Every structure is written in structure tokens, then in C-alpha cells.
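Working notes, structure below.
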Amino acid sequence: MSVTRALLADGAWTDASVKLGNMVGAVAGFLGILLVIFFVAGRASGRIARPLAVVVFLGPAVLLLIVGLVAPLVRTVYLSFYNDDGTKFLGGRNYGWAFTSDSVQHVLLNTLLWLAVAPLAATGLGLMLALLVDRVRGQAVYKSLIFMPMAISLVGASIIFKFVYDARDVSQSQIGLLSQLAISLGWHHPPNWMLSQPLNTFLLMVVMVWVQTGFAMVVLSAAIKAIPDEVTEAARLDGAGGVKLFWFVTVPMIRTTLVVVLTTVMITTLKAFDIVRTMTGGNFGTQVLANEMYSQSFVQFNTGRGSALAVILFLGVLPLVAYNIVQLRKERAVR
Amino acid sequence: MNENGAAPAAEPAGAKLPAPVAGPVRKAFSSPLASGFVIAVTVLWTLPTLGLLVTSLRPKQDVAENGWWTVFAHPDLGLSNYHTVLFEGGFGVSGGLMPYLVNSLAISIPATVFSLVLAAMAAYALSWVRFRGSDVIFFVIFALQVVPLQMALIPLLQLFSGGAHLGSVTIIPAFDLSGTYAPVWLAHTMFAMPLAIFLLHNFVSQLPRDLMEAAIVDGASHFKIFRSIVLPLCTPALASFAIFEFLWVWNDLLVALTFAGGTPEVAPMTVRLAQLSGSFGGRWELLTAGAFLSIIIPLIVFFSLQRYFVRGLLAGSVKG
């Protein structure tokens, strides 16, 4: 009792219990309201029963989607043609700025570089691991450990790698793993990793690859296991060996999944700004579109320009997702 | 998308399954080589996190002077960094990281519950309450996954702070929600809807038709069916999505940064850590302890519920 009181006397604990109490209250209130609505609406009968059910079940979700996604989508497109307080029509001037200003061109170039390198590296490595990991004794442990970064926030991952990349003057003892490794391997003056362009952009991509490879491995491994045994057996009877079997049987059989994984990582890459923001703040030539959009809108309050960048981001994601949907529907049509 | 409905029936690639018979493709690679490669990658993948953990346990002096790998020669570990970071305002803020840790919890749990319940309801309506236009609505919801969050931020922020107006008519009044969790909960729930409805719909629509019809013949209302048949039978799917959503909300930076500001009242760990990594970059003993605090809960969730998490992932990406 006295222990509890001593803890609660501390401001931090009081604050925490109040906040968590509010949280429990909010959840309980939400569920309570739903229960009441269910009880009342469940008593309705006759002609209004079904329309009422549709409204109650679907209404909240549709309302949230309209307010949270559809209306903002329209509004962002609208804002991108206006000046920063939305009072003056500028035509395409915000877009003109995005494609002609040197700094933004550099940002677009970096974004394309990210899109080209990070997803391919993560998917390729994930595919290799998916093929090999089941041959290894105790595979469950390896799988879990490689998959683990998936649970870590990109901010957490960035701090982990910021520490790995920490560089000091060579006269001092190093505390960053990479510098120490470079010195141990005989490199007398390793650079300050985060400051050297364009190396730093690739080092930031390593964080993304670190996080996403486990995802690619797990999903691809499941797809490989789903290949029917008869198919591989038949191919083997026809004389296909290791590498041939891989390229002419395994890869085509899991093509859809490969595309899905590649697209998912690409979309994450295109939208992720946590890494750049946490590790370099977009300085030293590492800026990407998602972070630049945030800075324009919420740091410099250039709402028009920020909106234009968001629309560009949207148009960038669009073909990737459209391709995915087409693939999906094809797959379903075959069934 | 998946013949078996959402993930739960799909083959989980998770840990505790019996090892499958090695396929011919796998046999093609020699085993020692495979082991070597996998072990090397695993070590590479684990070392950075291990370094973070070890550093967070070392005294300030040691951290500043030599690399964490020297700890194996001179082990001197303790929890004092954690105490400093959590309670003593080791980062120059009163109260330390504790309020942010609480905020992370207070944001993640309700956001997960809200989106899960509302999405399950919508999924049920779209698959079992027949009405005109349900297919169109489902397709539009699916397509909304395309919208990047960045597009919604500015208008949503303007809505929360200024309300919605058409000309001089106020459609939605301005809410005074600043300093509360409500905008963050709302934003996360909104953004989670398309994926959540899509994944849960896959599962809910695969429930046995006979069962549903029998319930209707017995005179059960949709509300009763939802509560006593759909929810219990869909528990595995709901669990896998709940984990997914929890991790996603806990790890989010963008939404929190936009809707929660940077104050100890509402901002979660990710926001505070992102700030600190800029201003306290040199204080590694504190920064690493803070970072480890922010990843420990997701890691616990991940390792204890990994199987369900993997199922949730496979629901969205493996067909066949």
C-alpha cells in the first residue's frame, strides 16, 4: 500500500495513470456506444431492418473514408494550384517550381535512386534467403532474427544505424561499428559516412533494406512452398537441374508474389520519410520527395508547393498500384 | 485473393511448423554453403540491434570512450541509463521519456481497437448484407489504398483546426481537439480503413453460407449474427490484423508528427526520438536507451505473436 502511494505521488506515475485511464475510458465508451446502437437497431424489424443494418455497419467506415481520404484527396489537388493561403489561383506554377528548381530536381533524382536500388536489393536478398534458409538446421531462429527489424520503427532503425555509422577522427578510438570495421580492414582514413555524398544516400538505403528483407523472405518463402510438387517433379524428369529449375520453374511460379513484394517495398520506399528525417534531416544531399513535401508544408508553410509535391508522390504511386491491381484481377480470372 | 480466405487458412511460414520436405530447388544448393550464407546474414542483421542494447546498458564514460564490442573484455553493465532517460529528464526535459512512452500506448491501443471494430463491421456489411452498389463500394474502398498519407495531411489538419465550410455555410464545426489524442486516433483509424476492410472482407466473406442462412431462418438479426457468429469465427483474422495495426501505429512517425505535435501531453516516442537524435546526437548512452525503450514493446509483441503476424502479412501478398 505504502509502495503504491509512493509511486503514485510521483508526478510521472500520476500523469501516466490519468492518461491510461482516459484511454481505457475512450475504448470502453466506444464499445459501449456500439453495444447500445446494436441493441436498439437489432430490435428493428420489417422493411427498415436491412437498410438500417447497412447504415449502422457500413456508415462509420464510409464516413471516415470520405472525411479522411476522399475529401482530402480532392482538396490537396485543389490546393496544389493555389498560393499558400489558398486565395489566389496560380495555375501550374507550383508544379513548374517542382520540376525546374535545382533543389527539387535533386530531390526527385534521389527519390528515383531510392526506388531503383532499395526494393531490388531487399527483394533479391529476400529471395536468396527464402531459397536457402530451409536448408539450414534451426531455420526458425534465423528466420525470426532476420524478420525482426520489421517490428522496429523506422525511427528506431535509423538510430540503430546512426550509431553504426558514427565516425570520429582517426586519432580517437571509434565507437561506430562501420568505422572500426573499415580501420580494422586496413583503411587508414575512413570518411565521415553521413557527410560524404553520394555514399550517404546508399547508406540510408541500407536501413530500408535491413527492415524490408525479412518481409520479402517470409512472403517469398511461403510462395515457394506453395509450388505444387508435381510441377517441380515434372521439370526434374525433363532434366532441369538447380539453376535451370530456379529460373524456369521457381521464378515463373512465384512471379505474382515477386511483383507484389517488389511493389510493396517500392511504395514503402516512396512514402517513407522517417529514415531521412531522423538520420540526416535531409541535409548533405540526401533529401527525398516525402521529406521535402513535409518540410515545405509543415516547416516552411508553403502549402501550395507541399500539396504539389504530394500530388507528384500520388502520381508516382499510381502506376505501381494500378499494375498490381491488374495482376491481381488476372490471377482471379484464371481461377 | 486467397482461396482460403484471409490468412489464417494459408500456410504460415512462421517458426513452429514442421520443416517441409526440402524441394528439389533447395537441394540444388549445397547445404554448407547455404548455412554459411544464412548465418552470415543473420549475424549482420542482428549485430546493429545488439550494439544498441549493449550500449544502452553501459556507463556514460565507457560509451564515450570505446566501442560497445569492447564490453566483452570489460563487462560493466547496468540499468542506470534507463532510469535517467525514463524519469530524470536526461534529455533536458522534465519527466524524461516516460510521458512519451505512455502516449505511445495511449495512441496505439485505441487506434487499433477503433479501426479493427469499424472495419470488421464494414466487411460484414459488404459481404453478407446484400444491397445494391455493395460491389462498387467495395471496389472504391480497395482503390483508396492508393492514396498516400501525405495527400491527406494538410486538408485533415485544416479540418481539425478550422472545421469545414462551403462558402459561408459551416458543414463541420471546428473541434478544439488540440492537446488530446483524438486527432491522432481519428487519423490512424481513417488511414487504416481501406487495408483493414479489404483483408477482413476476404475472411468474412468465406464464412459458410449455410451457417448464415440457418441463423437468418432462426430469426437472428444482422447484429446478432455479427456478434455471435462472425466475431467468434473471425478471431484469428482479427488477431493477425490487430498485431499488424498495433505495430504500424506504434511505429508511425508521420501521422503523429502532424497531429500530435511534439509536446509531452500527446506526442509518442517516435516523435520525441526523432527530435532527440538531432539535438542529442552525441549522448549515445541516453539515445540508445531511449531507442531501445521504443522498440522493446513492438519486439515483445513480435516475438510472442509472430505466427499471427506472419499470417496477416501473407493475407495481403501470397496468392495460391
Side-chain angles (χ1 to χ4, degrees), chain A residues 12 16 19 23 26-27 38 42 53-54 57-58 60-61 64-65 68-69 72-73 75-76 132-136 140 142 144-146 151-153 155-156 159-160 164 173-175 180 218-219 221-223 225-226 232 236 242 245-246 250 257 260 271 274 278 293 297 310 313-314 317 321 331, chain B residues 13 15 20 23-26 28 31 34-35 37-38 42 45-46 48 51-52 66-67 87 95 98-99 102 106 110 113 118 121-122 124-125 129 131 144 146-148 150-152 154-156 190 193 221-223 247 251 253 270 273-274 277 291 294-295 298-299 302 310 314 317-320:
Chain A
K19 280 177 174 172
M23 173 195 94
V27 173
F38 270 37
V54 173
F57 276 113
L58 202 55
L64 283 175
L65 282 168
L69 287 171
L73 182 82
R75 183 137 177 90
T76 300
L132 296 180
V133 78
D134 291 326
R135 302 267 300 151
V136 180
Y142 298 108
S144 293
L145 286 174
I146 296 174
I152 298 176
S153 66
V155 174
I159 291 178
I160 289 175
V164 171
S173 80
Q174 299 293 327
I175 63 167
Q180 182 62 49
V218 165
V219 174
S221 156
K225 279 180 192 160
T232 35
R236 263 159 66 81
L245 201 62
F246 172 70
T250 311
T257 310
V260 171
K271 293 196 288 190
D274 313 32
T278 315
M293 181 263 147
S297 311
L313 198 65
F314 176 61
V317 183
V321 178
E331 183 104 335
Chain B
V25 175
R26 290 191 194 100
S31 188
S35 307
F37 179 75
V38 170
T42 308
W45 250 238
T46 317
L52 182 88
N66 45 43
F87 303 110
M98 182 72 175
V102 174
V113 174
L118 294 179
M121 285 162 53
Y124 172 73
V129 189
F131 61 97
L144 280 175
V146 178
V147 182
Q150 275 92 344
M151 291 206 71
I154 302 174
L156 212 50
M190 287 163 170
M193 276 300 127
S221 71
H222 283 295
F223 299 93
L247 288 179
N251 288 336
L253 175 64
T270 45
L273 278 173
S277 99
S294 85
I295 66 176
L299 284 185
F302 172 77
V310 168
L314 295 183
S317 18
V318 180
K319 274 137 279 120

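These figures come from a predicted structure and were not determined experimentally. Throughout, a chain's letter reflects where its sequence line sits, starting with A, and its residues are numbered from 1.
Applying the ring-ring contact (aromatic ring centres under 6.0 Å, His included) rule to Tyr142(A) yields no partners; only residues at least two apart in sequence or on another chain are considered. Residues forming a ring-ring contact (aromatic ring centres under 6.0 Å, His included) with Phe37(B) (at least two apart in sequence, or on another chain): none.
The minimum heavy-atom distance linking Ser297(A) with Ile154(B) is given by the pair OG-CD1, 3.5 Å. Smallest separation of non-hydrogen atoms from Leu58(A) and Phe131(B): CD2-CZ, 3.6 Å. Pairing each heavy atom of Leu299(B) with each of Ala151(A), the nearest pair is CD2-CB, 4.3 Å. When every heavy atom of Pro99(B) is checked against every heavy atom of Lys19(A), the shortest pair comes out as O-NZ, 3.8 Å. Residue Pro72(A) comes nearest to Pro155(B) through the heavy atom pair O-CG, 3.4 Å, listed as atom of the first residue, atom of the second, then distance. A pairwise comparison of heavy atoms in Met151(B) and Leu73(A) identifies SD-CD1, 3.6 Å as the closest pair.
The greatest number of non-hydrogen atom pairs below 4.5 Å with chain B, out of Val133(A), Leu145(A), Leu65(A), Val317(A), is found for Leu65(A).
Within the model, atoms CG of Leu118(B) and CG of Leu64(A) stand 6.0 Å from one another, a figure rounded to the nearest 0.5 Å. How far CG of Asp274(A) is from CG of Leu253(B): 4.5 Å, rounded to the nearest 0.5 Å.
Note on ring orientation: taking the six-membered ring where Trp is involved, the planes of His222(B) and Phe57(A) are perpendicular (angle over 60°, cut-offs 30° and 60°).
Residue Ser221(B) touches chain A through its side chain alone, counting heavy-atom pairs closer than 4.5 Å. In this structure, chain B has a heavy atom under 4.5 Å from the side chain of Val164(A), while its backbone stays farther away.
Residues Val113(B) and Met23(A) fail the side-chain proximity criterion, which asks for heavy atoms closer than 4.5 Å.
No donor-acceptor distance shorter than 3.5 angstrom exists from the side chain of Thr270(B) to the backbone of Val155(A), with no hydrogens or angles considered.
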